[in-house]
Amino acid sequence: MPELPEVETVRRGLAELIPGKIVRSASHIDSPKSFPNAPKDVEEFLIGATILDVRRRAKVLLIELDTGYSLVIHLKMTGQLVFRGEQVFGAGHPNDSLIGELPDRSTRAIIGFIDGSTLYFNDQRKFGWVRLMPTLEVPNIDFMKKVGPEPLEADFTSKQFADRFTRRAKTNIKAALLDQTVVAGVGNIYADESLWGARIDPHRLVSSLGDADFKHLYTELRDVMNLAIEKGGSTDKNYVNAEGKRGSYMDFARVFRREGQKCPRCGHEIIKIKWAGRGTHLCKNCQK
DNA sequence: CACTTGACCTGTCCGC
DNA sequence: TGCGGACAGGTCAAGT
């Protein structure tokens with residue numbers, strides 16, 4: 001599920017909701033991947049800790065605590081981080097909420113705060129994880145050492161973008177875009193959307209692309225991700241923000257999940273194929 | 001080192 | 001209505 005825009009949307013929501021809160025309790029329901037070092041570190045560095053800040057690197061969320069530890073969270077395909085204030089019974093739920101009463105059957109971890117509010121980690125497919133570790137050790141995680149630059153940083157240039165791909169010259173552009181060590185945060189939705197925007201066929205070999213192609217792709221990728229953040233991300237199936245609400249980028253998608261519909265640029269039919277191991281959406285007529 | 005494929009899980013949808 | 005298979009937003013560990 002969550003790619004950079006979705007994780008960033010969750011981060012912004014949590015950053016408004018939880019800094020300053022003090023952890024009262026923490027429990028993992030049935031996910032062995034969550035809190036592998038529990039209970040020792042949980043008792044010592046999580047219970048009683050105050051939330052300082054919520055940060056993001058690539059698709060990873062970092063909840064920084066005043067104990068020198070951080071909660072490091074990856075939502076993978078179906079993870080959700082949902083904050084609930086005091087329970088209001090009988091109030092019903094807003095129409096744009098995808099989830100009801102919490103915890104539910106996909107809840108894997110629960111963090112309670114002393115003011116009665118709660119943070120739920122839900123994950124239907126159990127690929128995601130929550131880890132508690134010293135904040136200073138976070139950059140030493142293998143993933144953090146290998147992951148590429150943040151594509152939306154103001155000082156990230158199209159030249160730097162193009163240079164990141166030289167290592168993957170012999171593979172196709174879709175696989176290279178999905179490679180987190182090339183550029184951080186691109187997933188299946190925004191790979192397809194940005195390739196359509198840049199009129200590039202996902203089959204194209206990286207080595208066959210020129211400067212103009214990379215410049216175009218760089219611009220489209222940043223535009224589409226910024227738009228997606230503005231729209232609160234894409235809710236295809238499971239994704240919700242920190243308040244349990246859906247994002248609306250799918251209403252603006254040009255090719256993703258629009259197979260059988262007309263290309264908004266040329267009117268030819270959008271097709272869906274299997275490519276780079278993923279469902280891939282494109283317009284054969286205007287992506288070359 | 002670069003590249004591809006399958007594995008990790010649960011749930012849903014589609015065709016028979 | 002039931003059942004098998006394909007598929008789903010992401011990484012990893014293997015294999016070549």
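Nearest nucleotide to the A:Arg168 side chain, out of B:dC3, C:dT11, B:dG11: B:dC3. Of the candidates C:dG9, B:dT4, B:dT10, the closest approach to any side-chain atom of A:Phe256 belongs to C:dG9. Counting only heavy atoms from C-beta on, A:Lys76 has its side chain closest to C:dG10 among B:dT12, C:dA8, C:dG10.
A:Lys59 and A:Glu6 are not joined by a salt bridge, as no carboxylate oxygen comes within less than 4.0 angstrom of a charged side-chain nitrogen. Using a 4.0 Å cut-off between charged side-chain N and carboxylate O, A:Glu8 and A:Arg12 make a salt bridge. A:Lys231 and A:Asp251 are not joined by a salt bridge, as no carboxylate oxygen comes within less than 4.0 angstrom of a charged side-chain nitrogen. Using a 4.0 Å cut-off between charged side-chain N and carboxylate O, A:Lys215 and A:Asp211 make no salt bridge. In this structure, A:Asp192 does not pair ionically with A:Arg254, as no charged nitrogen and carboxylate oxygen lie closer than 4.0 Å. Taking a cutoff of 4.0 Å between a charged side-chain nitrogen and a carboxylate oxygen, A:Glu150 and A:Arg57 qualify as a salt bridge.
The CG-C1' distance, from A:Leu75 to C:dA8, rounds to 16 Å in whole Å. Spacing between atom CG of A:Leu177 and atom P of C:dT11 amounts to 13 Å, rounded to whole angstrom units. C:dT11 atom P lies 4 Å from atom CD of A:Gln180, rounded to whole Å. We find that CG of A:Asn122 is positioned 15 Å from P of B:dT10, with the value rounded to whole Å. A straight line from CZ of A:Phe165 to P of B:dA2 spans 14 Å, rounded to a whole angstrom. What separates CD of A:Glu8 from P of C:dG9 is a distance of 22 Å, to the nearest Å. Between A:Ile273 atom CD1 and C:dA8 atom P the separation is 12 Å, expressed in whole Å. In this structure, NE2 of A:His281 is placed 11 Å from C1' of C:dC7, rounded to the nearest angstrom.
The side chain of A:Thr78 contributes no N or O atom lying less than 4.0 Å from OP1 or OP2 of B:dG11. Phosphate proximity of C:dA8 to A:Lys272: present, with a side-chain N or O under 4.0 Å from OP1 or OP2. For the pair A:Lys59 and C:dT11, the criterion of a side-chain N or O lying under 4.0 Å from OP1 or OP2 is met. Dashed line: the shortest gap from a side-chain N or O of A:Arg278 to OP1 or OP2 of C:dG9 is under 4.0 Å. Contact annotation: A:His74 does not reach the phosphate of C:dG10 (side-chain N/O to OP1 or OP2, under 4.0 Å). Phosphate contact (OP1/OP2 of B:dC3, side-chain N/O of A:Arg167, threshold under 4.0 Å): absent.
With no hydrogens or angles considered, no side-chain donor-acceptor pair links A:Ser70 and A:Arg55 at under 3.5 Å. Side chains of A:Thr78 and A:Asp123: a donor-acceptor N/O pair is present below 3.5 angstrom, by distance only. Judged purely by distance below 3.5 Å, without hydrogens or angles, the side chains of A:Lys274 and A:Thr280 never pair a donor atom with an acceptor atom.
Using a 4.0 Å heavy-atom cutoff across all strands shown, A:Gly279 reaches sugar-phosphate atoms only and no base atom. Residue A:Ser234 is classed as a base contact, given a heavy-atom separation below 4.0 Å to a base.
Here, B:dT12 and C:dT11 have their P atoms 24 Å apart, quoted to the whole Å. One C1' atom belongs to B:dC3, the other to C:dG9, and the distance between them is 23 Å to the nearest Å.
Mapping A:Asn172 and A:Lys237 onto DNA chain B via the closest heavy atom, the residue that lands nearer the 5' end is A:Asn172. Nucleotides of DNA chain C nearest to A:Phe143 and A:Thr280 differ in position, and the one nearer the 5' end is that of A:Thr280.
Consecutive Watson-Crick or G-U pairing (both distances under 3.5 Å) extending over three or more pairs maps onto DNA chain C as B:2-8 with C:10-16, B:10-16 with C:2-8.
For A:Phe127 and C:dT11, the ring-to-base geometry does not satisfy the stacking test (centroid distance below 5.5 Å, interplanar angle below 30°).
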